Student: 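Below you'll find the structure I mean.
Indexing begins at 1, ligand by ligand and atom by atom, following the structure's order. Computed from a predicted model, the values in this text were never measured in an experiment.
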Amino acid sequence: MTDRIVRSLFLLLLITALLFLSAGCGGQTYEETTFFAMDTPVTLRYGTSGGTDAARTASKNAGTLLKEWESLCSAHDPDSALTVLNETGSLTTPDERLAGLIEEAVRVSGITNGAFDPTLGPLIRVWNISGGGPVPGEDAISEALAHTGCSLIRLTDGEIRLADPSASLDLGAIAKGAAADALAEAAADDGVPYGLVSFGSSMTVFGEKPDGSPYKIGIRDPDDPASVLGYITLTEGSLSVSGDYERYFEEDGVRYHHILDPGTGTPARSGLRSVAVLSPSGADADALSTALFVLGADQVPNLYNDPSLSFEAVLVTGDRRVILTNGLDPARFTLANSDYSVETLPLLELCFPQEP
Ligand code: AMP
Ligand code: MG
């Protein structure tokens with residue numbers, strides 16, 4: 001077996017172990033299918049309470065959809081639309097899903113002051129985290145950063161252009177969330193009454209289970225990612241997790257992980273070990289989990305108060321605190337590891353103009 005297959009099987013086992021359906025499943029029945037796509041195992045659990053036909057059709061259609069998403073957004077596929085954009089600097093008639101995703105990526109990048117940045121391709125290449133490093137020199141980091149920033153993306157008259165020949169987009173922090181939504185929507189259109197689409201770190205649930213129960217999602221312990229530190233319930237929308245244990249290499253006893261801080265050009269050190277974001281939008285859950293990880297707990301209230309975003313979050317800190325945002329009912333989170341404590345994020349004091 002190749003390393004890649006072994007890694008995939010291991011990931012699959014982890015995901016299976018970490019994705020818990022609510023106790024007893026309430027008599028719900030599912031058709032379960034697994035694909036390997038977008039560099040990760042993808043698990044579909046489609047409800048079959050009205051019969052298996054819709055779930056089977058939707059699962060088959062999902063294979064086609066996944067190939068389409070890969071051919072749009074993969075940074076590794078030499079023939080993908082994203083690779084063509086990165087190599088030629090333009091796409092004159094882009095697929096509307098890719099154009100829409102890039103537009104949303106630019107929007108979230110703006111709101112997060114660039115903490116989420118879809119133009120980090122040159123920096124990601126320099127770090128080569130998945131390939132095991134080594135740690136790049138400061139000059140290489142500065143040179144890479146000189147070709148990043150959303151001002152290099154031009155979206156006009158239906159075209160996408162990159163204003164710098166060395167610019168390169170990487171949608172690794174947003175595409176899985178968007179694809180999870182697309183698959184869930186397609187399954188609902190195919191008549192699947194309820195179900196879940198999981199890319200491991202990004203998932204979307206849809207419909208309502210016959211017994212109305214929520215899905216129970218394990219949040220991994222960053223110190224021991226094969227076990228969970230707690231569970232969060234999800235009845236609708238998407239959940240996405242970014243953690244420093246997902247992809248990394250070590251050099252001289254230091255961990256260099258895959259979530260890069262566009263401000264420093266190095267792996268983010270915000271005091272957070274993982275961030276889970278819940279949002280009605282899969283793309284936003286995915287992009288925001290990355291952004292919040294970079295920004296750190298102190299910056300979260302600013303974003304939380306931004307009316308153009310809708311999300312809740314579970315932040316896991318390096319000193320083993322689990323911080324929930326204010327709108328998240330604490331009853332939805334169950335702690336499973338007593339080494340951690342749970343608290344709620346303090347609300348920002350809003351300043352209103354004084355009456356004259
Ligand atoms: P996620 O696991 O969703 O946090 O996404 C991390 C992946 O997105 C990395 O493997 C990179 O491909 C890319 N990435 C790393 N740092 C950032 C960032 N600050 N903004 C956007 N994409 C990033
Ligand atoms: Mg992400």
Student: Identify the protein heavy atom lying closest to atom 16 (N) of ligand 1, giving its residue, its atom name and the separation to 0.1 Å.
Tutor: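 Of the protein heavy atoms, Leu260 N, 3.0 Å lies nearest.
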
Student: At a 4.0 Å threshold, what atoms of ligand 1 neighbour a non-hydrogen atom of Asp286?
Tutor: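 Answer for ligand 1: 3 (O).
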
Student: With a 4.0 Å cut-off on heavy atoms, does Ser201 reach ligand 1?
Tutor: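 False for this residue.
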
Student: Can you report which non-hydrogen protein atom sits closest to atom 12 (O) of ligand 1, along with the distance?
Tutor: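 Scanning the protein heavy atoms, the shortest distance from atom 12 (O) of ligand 1 goes to Asp170 OD1, 3.0 Å.
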
Student: Can you name the salt bridge (charged side-chain N to carboxylate O under 4.0 Å, His left out) partners of Asp244, sequence neighbours left out?
Tutor: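 With sequence neighbours excluded, Asp244 shows a salt bridge (charged side-chain N to carboxylate O under 4.0 Å, His left out) to Arg255, Arg273, given in chain and number order.
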
Student: So for ligand 1, is Ile124 a polar contact partner (N or O within less than 3.5 Å, distance only)?
Tutor: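 No, Ile124 has no N/O under 3.5 Å of an N/O on ligand 1.
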
Student: What pair of heavy atoms forms the shortest contact from Phe333 to Leu229, and how long is it?
Tutor: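 Smallest heavy-atom distance, with atoms named: CZ-CD1, 3.9 Å.
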
Student: Looking only at protein heavy atoms, which one is nearest to atom 1 (P) of ligand 1, and what is the separation?
Tutor: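 I find the closest protein heavy atom is Thr290 OG1, 3.4 Å.
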
Student: Can you find an N/O atom of Asp261 closer than 3.5 Å to an N/O atom of ligand 1?
Tutor: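 Such a contact does not occur with ligand 1.
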
Student: Suppose we screen for salt bridge (charged side-chain N to carboxylate O under 4.0 Å, His left out). Which residues come up paired with Asp319, at least two apart in sequence or across chains?
Tutor: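 Only Arg321 meet the salt bridge (charged side-chain N to carboxylate O under 4.0 Å, His left out) criterion with Asp319.
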
Student: Contact between ligand 1 and Ala115 is defined here as a heavy atom of the residue under 4.0 Å from a ligand atom; is it met?
Tutor: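 In this structure, Ala115 qualifies as a contact of ligand 1 - some heavy atom is under 4.0 Å.
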
Student: Give a yes or no on whether Glu236 atom CD has more than 12 heavy-atom contacts from other residues, nucleotides or ligands under 6.0 Å away.
Tutor: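 No - once you tally the heavy atoms of other residues, nucleotides and ligands closer than 6.0 Å, there are 12 at most.
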
Student: Under 2.8 Å from the Mg ion (ligand 2), protein N/O/S atom count?
Tutor: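 Counting protein N, O and S atoms closer than 2.8 Å to the Mg ion (ligand 2) gives 4.
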
Student: Quick test: of every protein heavy atom, which one is nearest to atom 6 (C) of ligand 1, and how far off is it to 0.1 Å?
Tutor: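 Ranking protein heavy atoms by distance from atom 6 (C) of ligand 1, first comes His258 CD2, 3.5 Å.
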
Student: Please name all residues satisfying ring pair (Phe, Tyr, Trp, His ring centres under 6.0 Å) with Trp127, sequence neighbours left out, ordered by chain then number.
Tutor: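 Here the qualifying residues are Tyr256.
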
Student: Which heavy atom of the protein is the closest neighbour of atom 20 (N) of ligand 1, given with residue, atom name and distance?
Tutor: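 Residue, atom and distance for the closest contact: Asp117 N, 2.9 Å.
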
Student: Are more than 12 heavy atoms, taken from residues, nucleotides or ligands other than Arg161, located less than 6.0 Å from that residue's CZ atom?
Tutor: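 For Arg161, atom CZ is not crowded (no more than 12 foreign heavy atoms under 6.0 Å).
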
Student: Give the residue and atom name of whichever protein heavy atom lies nearest to atom 17 (C) of ligand 1, and the separation in Å to one decimal.
Tutor: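 Among all protein heavy atoms, the one nearest atom 17 (C) of ligand 1 is Leu120 CD1, 3.6 Å.
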
Student: Starting from atom 22 (N) of ligand 1, what is the nearest protein heavy atom, named by residue and atom, and what distance separates them?
Tutor: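 Going by distance alone, atom 22 (N) of ligand 1 is nearest to Ala173 CB, 3.4 Å.
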
Student: Does some non-hydrogen atom of Glu246 fall short of 4.0 Å from ligand 1?
Tutor: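 In this structure, Glu246 qualifies as a contact of ligand 1 - some heavy atom is under 4.0 Å.
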
Student: Mark up the atoms of ligand 1 that fall under 4.0 Å of a heavy atom belonging to Phe116, in ascending order.
Tutor: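 Atoms satisfying the 4.0 Å criterion: 20 (N), 21 (C).
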
Student: So for ligand 1, is Ser242 a polar contact partner (N or O within less than 3.5 Å, distance only)?
Tutor: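 Yes, at least one N or O pair falls under 3.5 Å.
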
Student: Locate the shortest heavy-atom distance separating Val241 from Ala276; write the atom from each residue and the value.
Tutor: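 The pair with the smallest heavy-atom distance is CG2-CB, 3.9 Å.
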
Student: Please report the shortest heavy-atom distance between Leu272 and Ala297, naming the atom on each side.
Tutor: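 Answer, listing the atom of Leu272 first, then Ala297: CD1-N, 3.8 Å.
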
Student: Has the side chain of Asn337 got a donor or acceptor atom that lies under 3.5 Å from a matching backbone atom of Gly230?
Tutor: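 A pair under 3.5 Å: no.
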
Student: Are Leu162 and Ile124 connected in the hydrophobic side-chain network, where two residues link if heavy atoms are under 4.5 Å apart?
Tutor: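 In one cluster with Leu162: Ile124, no.
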
Student: Going by the atom numbers of ligand 1, which of them fall below 4.0 Å from some non-hydrogen atom of Pro262?
Tutor: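 Numbered from 1, ligand 1 contributes 19 (N).
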
Student: Can a salt bridge be assigned to the pair Glu70 and Lys67 using a cut-off of 4.0 Å between side-chain N and carboxylate O?
Tutor: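 No, this pair does not count.
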
Student: Under a 4.0 Å threshold between the charged nitrogen and the carboxylate oxygen, would Asp39 count as salt-bridged to Lys176?
Tutor: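 Not counted as a salt bridge, because no side-chain N and carboxylate O are separated by less than 4.0 Å.
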
Student: Please say whether more than 12 non-hydrogen atoms of neighbouring residues, nucleotides or ligands are located less than 6.0 Å from CG in Asp139.
Tutor: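 Atom CG in Asp139 is not crowded, with 12 or fewer foreign heavy atoms closer than 6.0 Å.
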
Student: Is any NZ, NE, NH1 or NH2 atom of the basic residue among Glu312 and Arg332 found under 4.0 Å from an Asp or Glu carboxylate oxygen of the other?
Tutor: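 Looking at Arg332 together with Glu312, the answer is no, because their closest N to O distance does not fall below 4.0 Å.
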
